[in-house]
Amino acid sequence: MRGFVKVFAVGFGVSGGAVAAQDLPECGIMPDDARSLRCTCPAGVASGSVWGSGPYTADSAICAAGVHAGVIGTAGGPVIVIRRPGQDSYQGSEANGVTTSNWGSYEFSIDVRRTKDTPAVETASSENLCNGFPSGETYVTCDCPANPDEGSVWGSDPYTSDSDICTAALHVGYIEADGGTVRVIGIQGLDAYLGTTVNGITTQSWSSYSESFVFDWNHE
């Protein structure tokens with residue numbers, strides 16, 4: 001629990017037809033004892049307070065965080081929430097009509113991600129953007145050719161946003177040498193990135209960088 005009550009809150013209208021998610025609880029706040037949670041965000045009016053820009057503090061409203069992250073849109077739908085380590089600080093931002101707030105240190109964080117049943121929300125075109133993640137975007141979908149030329153990559157999932165996406169996808173095992181479509185999620189930057197050698201790809205270490213990306217393993 002926090003030592004005092006926050007006064008910031010976000011509210012946003014969501015309209016459109018809901019996508020049924022049978023036998024799932026409605027999302028609220030991440031339970032204290034859960035490592036992961038699958039729940040559903042209804043269409044309609046949703047509100048709640050959110051701190052951070054992904055990851056978010058663990059007491060953030062899941063559906064509001066999901067809209068901010070671009071995981072869900074007007075139709076709502078099921079999401080997966082994953083508990084992450086706490087951060088020393090959380091930076092608020094405005095995205096997809098939701099404004100989140102700053103916060104200091106918090107014990108746990110959450111990431112909100114799509115499931116295979118979540119209606120897709122695209123904020124970037126499917127043109128070939130695989131040479132790097134565009135600043136300010138939430139998702140990028142792009143096509144990696146077979147045997148792609150290896151580009152520079154910093155980190156080991158997450159990667160710096162200027163890393164070559166196809167090379168990173170080979171490194172993490174998201175695609176193989178025959179290429180394929182990749183879906184990438186933009187997240188906040190890290191204080192440090194560790195380079196490793198995995199799947200025949202060697203990435204480089206780097207210090208602080210403003211933005212990162214990870215791969216959406218739930219996308220089909």
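- The side-chain hydrogen bond (donor to acceptor under 3.5 Å, both in side chains) search around T196 returns S156, H171, not counting sequence neighbours.
- Listed here is the closest heavy atom pair of G77 and I72: O-CG2, 4.2 Å.
- Annotation: the span from H68 atom NE2 to T99 atom OG1 amounts to 7.5 Å, rounded to 0.5 Å.
- The two atoms that bring P78 and T40 nearest to each other are N-OG1, 3.7 Å, heavy atoms only.
- Applying the salt bridge (charged side-chain N to carboxylate O under 4.0 Å, His left out) test to pairs two or more places apart or on separate chains, those with a residue in residues 82-101 are R84-D111.
- Separating the CZ atom in R113 from the CD1 atom in I82 is a distance of 4.5 Å, to the nearest 0.5 Å.
- The closest donor-acceptor contact from the side chain of S205 to the backbone of G195 lies under 3.5 Å.
- Summarising the geometry of N199 relative to G173, their closest heavy-atom pair is ND2-N, 3.5 Å, with the distance given to 0.1 Å.
- Distance OG1/T160 to CD/E211: 10.5 Å, rounded to 0.5 Å.
- Annotation: W217 is in aromatic contact with Y174 [ring centroid separation under 6.0 Å].
- Take E150 and apply the side-chain hydrogen bond (donor to acceptor under 3.5 Å, both in side chains) test, not counting sequence neighbours, and it matches no residue.
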Run Y106 and Y90 through side chain to side chain contact (heavy atoms under 4.5 Å, CB included) and show every step you take. CA-CA 8 Å; Y106 200 72; Y90 296 82; 3.6 Å; yes

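- Linking Ile, Leu, Val, Met, Phe, Trp and Tyr whenever their side-chain heavy atoms come within less than 4.5 Å leaves W154 and V140 in two separate clusters.
- Here the shortest heavy-atom pairing between L190 and P158 reads CD1-CG, 3.9 Å.
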Carefully, step by step, assess T115 and R38 under the rule side chain to side chain contact (heavy atoms under 4.5 Å, CB included). CA-CA 9 Å; T115 76; R38 190 168 186 260; 3.7 Å; yes

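- The side-chain hydrogen bond (donor to acceptor under 3.5 Å, both in side chains) search around S207 returns none, not counting sequence neighbours.
- The distance from the CH2 atom of W103 to the CD atom of Q91 is 14.0 Å, given to the nearest 0.5 Å.
- Contact check for L37 versus I80: no side-chain heavy atoms found under the 4.5 Å cut-off.
- Cysteines C41 and C63: SG-SG separation is under 2.5 Å.
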side-chain hydrogen bond (donor to acceptor under 3.5 Å, both in side chains) assessment of S208 paired with D191: CA-CA 4 Å; S208 177; D191 292 335; 4.6 Å; no

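- A donor-acceptor contact shorter than 3.5 Å links the side chain of T100 to the backbone of S93.
- For the pair C39 and E26, the tightest heavy-atom approach, listed with the atom from each and the gap, is CB-C, 4.3 Å.
- For D164, the salt bridge (charged side-chain N to carboxylate O under 4.0 Å, His left out) criterion is met by no residue, not counting sequence neighbours.
- A donor-acceptor pair is defined here as one N or O able to donate and one able to accept, closer than 3.5 Å; no such pair exists between the side chain of S36 and the backbone of V81.
- Judged by distance alone, with hydrogens and angles left aside, the side-chain atoms of T181 form no donor-acceptor pair with the main-chain N or O of D143 at under 3.5 Å.
- To the nearest 0.5 angstrom, F108 atom CZ is 10.0 Å from R35 atom CZ.
- When atom types are taken as modelled, the side chain of Y209 and the backbone of W206 share no donor-acceptor pair closer than 3.5 angstrom.
- Summarising the geometry, atom OG1 belonging to T57 is positioned 11.5 Å from atom CG belonging to N102; distances are rounded to the nearest 0.5 Å.
- Not one N or O on the side chain of T203 forms a donor-acceptor pair closer than 3.5 Å with the backbone of V153.
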Might you work through the side chain to side chain contact (heavy atoms under 4.5 Å, CB included) test for I62 and I29, ending with a clear yes or no? CA-CA 6 Å; I62 291 170; I29 303 297; 5.8 Å; no

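- Closest approach of I110 and A58 over heavy atoms only: CG2-CA, 3.9 Å.
- Take F213 and apply the ring-ring contact (aromatic ring centres under 6.0 Å, His included) test, not counting sequence neighbours, and it matches Y159, F215.
- Of the possible polar contacts, none joining the S89 side chain to the S105 backbone as a donor-acceptor pair under 3.5 Å is found.
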